[in-house]
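Naming: A, B, ... by sequence-line order, numbering from 1 per chain.
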There are 2 protein chains.
Amino acid sequence: MQEAAIITLKKHELSVTDTRKKILQFFLESAGALTHADIEQQMGEAFDRVTIYRTLQTFVEKGIIHTIPSADNAIRYALCKDNCAAGHHHDDHVHFLCNDCGTTYCLDHVSVPKIKLPKGFTANQTDLVVSGVCHKCEA
Amino acid sequence: MQEAAIITLKKHELSVTDTRKKILQFFLESAGALTHADIEQQMGEAFDRVTIYRTLQTFVEKGIIHTIPSADNAIRYALCKDNCAAGHHHDDHVHFLCNDCGTTYCLDHVSVPKIKLPKGFTANQTDLVVSGVCHKCEA
DNA sequence: AAAAATTTTGCAACAAAGTTGCAAAGGTTT
DNA sequence: AAACCTTTGCAACTTTGTTGCAAAATTTTT
Ligand SMILES: [Mn+2]
Ligand SMILES: [Mn+2]
Ligand SMILES: [Zn+2]
Ligand SMILES: [Zn+2]
């Protein structure tokens, strides 16, 4: 049987390269979301920084990972669980950022509520990020 | 009567300097939120970049402005409407980011709903950012 | 299985964004 | 107005992100 990473890459019509396999594999093994810096550290000198930027960009475009907004200038990326496709993400779940251990969780079973906006405003996407203490870090 | 900016600065126990007055004034005159870059552009050569960084930092700490998370690595800042104080923000409103004109609105009258988290997770802060088309940009 | 065609990668060179220490300038208090 | 404390600007630096292009790797065609 083939590696999961390879299957995913093919499903999204991407050519299977070493970089992509390794980075995707890292996501598959990680509990939470990852920043560019996390990946750069983990991969060591293996890949060029530029390649990591481009790979993340490609993965987002193809619907393999999604971004999670934050107020600390460090975009986090996490695997899409739903069947997201190129240009169409369906990641309507809440994200949780632990202030203790720094882990960012995709709360796949907690969905984002509909927000009633003022007249004239049309919603396109809603991002909801909760921060606090995660189940592993509570005293 | 004194300028509003000066009053605010004094209320938050900050010494009144030219930089702080001008930057705060810019916030008071702006409809939406501002990024560091917005301010740097607006102020031209008037102030050093470093000073702007430090001023924004101070304003956030003192509860004069709050940050708005985003997925594009460009933190936005907006005036606190509620009576936020040093170390204690109470900005529980929804933010709206227009994909057309780029304006970020504080929807002060749309409050963030309570989110039911999985067992063991404790919420501390909730950020909710909606993006779409604003009332000015709708066709 | 080679060759041709296409895509991806690494390098180099930049550009932009953010940080730190320190002396000079500016505010505040007495 | 002197003394005191805080803020600013500068310089130097680190980190983060972007772009063009040739070499290398992958996929498609023959
Ligand atoms: Mn997620
Ligand atoms: Mn706000
Ligand atoms: Zn934790
Ligand atoms: Zn708009």
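- Taking the side chain of B:Ser15 as heavy atoms from C-beta on, and the options C:dT28, C:dT9, D:dT18, the nearest nucleotide is C:dT28.
- The base of D:dG17 lies outside donor-acceptor range of the side chain of A:Arg54, with no N or O pair under 3.5 Å.
- Judged by distance alone with a 3.5 Å cut-off, a donor-acceptor contact links the side chain of A:Arg49 to the base of D:dG17.
- Hydrophobic clustering (ILVMFWY, side-chain heavy atoms < 4.5 Å, transitive): B:Leu24 and B:Met43 are in one cluster.
- The neighbour count for A:Glu29 CD, taken as heavy atoms of other residues, nucleotides or ligands under 6.0 Å away, is above 12.
- Look at CG on A:Asp72: it is 17 Å from P on C:dA17, rounded to the nearest Å.
- A:His36 and A:Tyr53 have their aromatic ring centers within a separation under 6.0 angstrom.
- The nucleotide whose nearest atom lies closest to any side-chain atom of A:Arg20 is, among C:dT9, D:dT18, D:dT27, C:dT9.
- In the set D:dG9, C:dG18, C:dG10, the nucleotide with an atom closest to the side chain of B:Asp48 is D:dG9.
- Between B:Thr17 and C:dG27 there is no side-chain polar atom (N or O) within less than 4.0 angstrom of OP1 or OP2.
- Sequence order on DNA chain C of the closest nucleotides to B:Val16 and B:Ile75 puts B:Ile75 first from the 5' end.
- Toward the 5' end of DNA chain C, the nearer of the two residues A:Thr58 and B:Asn73, judged by each one's closest nucleotide, is A:Thr58.
- Atoms CD (A:Glu40) and P (C:dG10) sit 12 Å apart, rounded to a whole Å.
- Here D:dG17 is the nucleotide among D:dG17, C:dT19, C:dT8 with the atom lying nearest to any side-chain atom of A:Tyr53.
- With 3.5 Å as the limit, one finds a donor-acceptor pair spanning the side chains of B:His93 and B:His95.
- Looking at heavy-atom distances under 4.0 Å, B:Ala46 makes contact with sugar-phosphate atoms alone, never a base.
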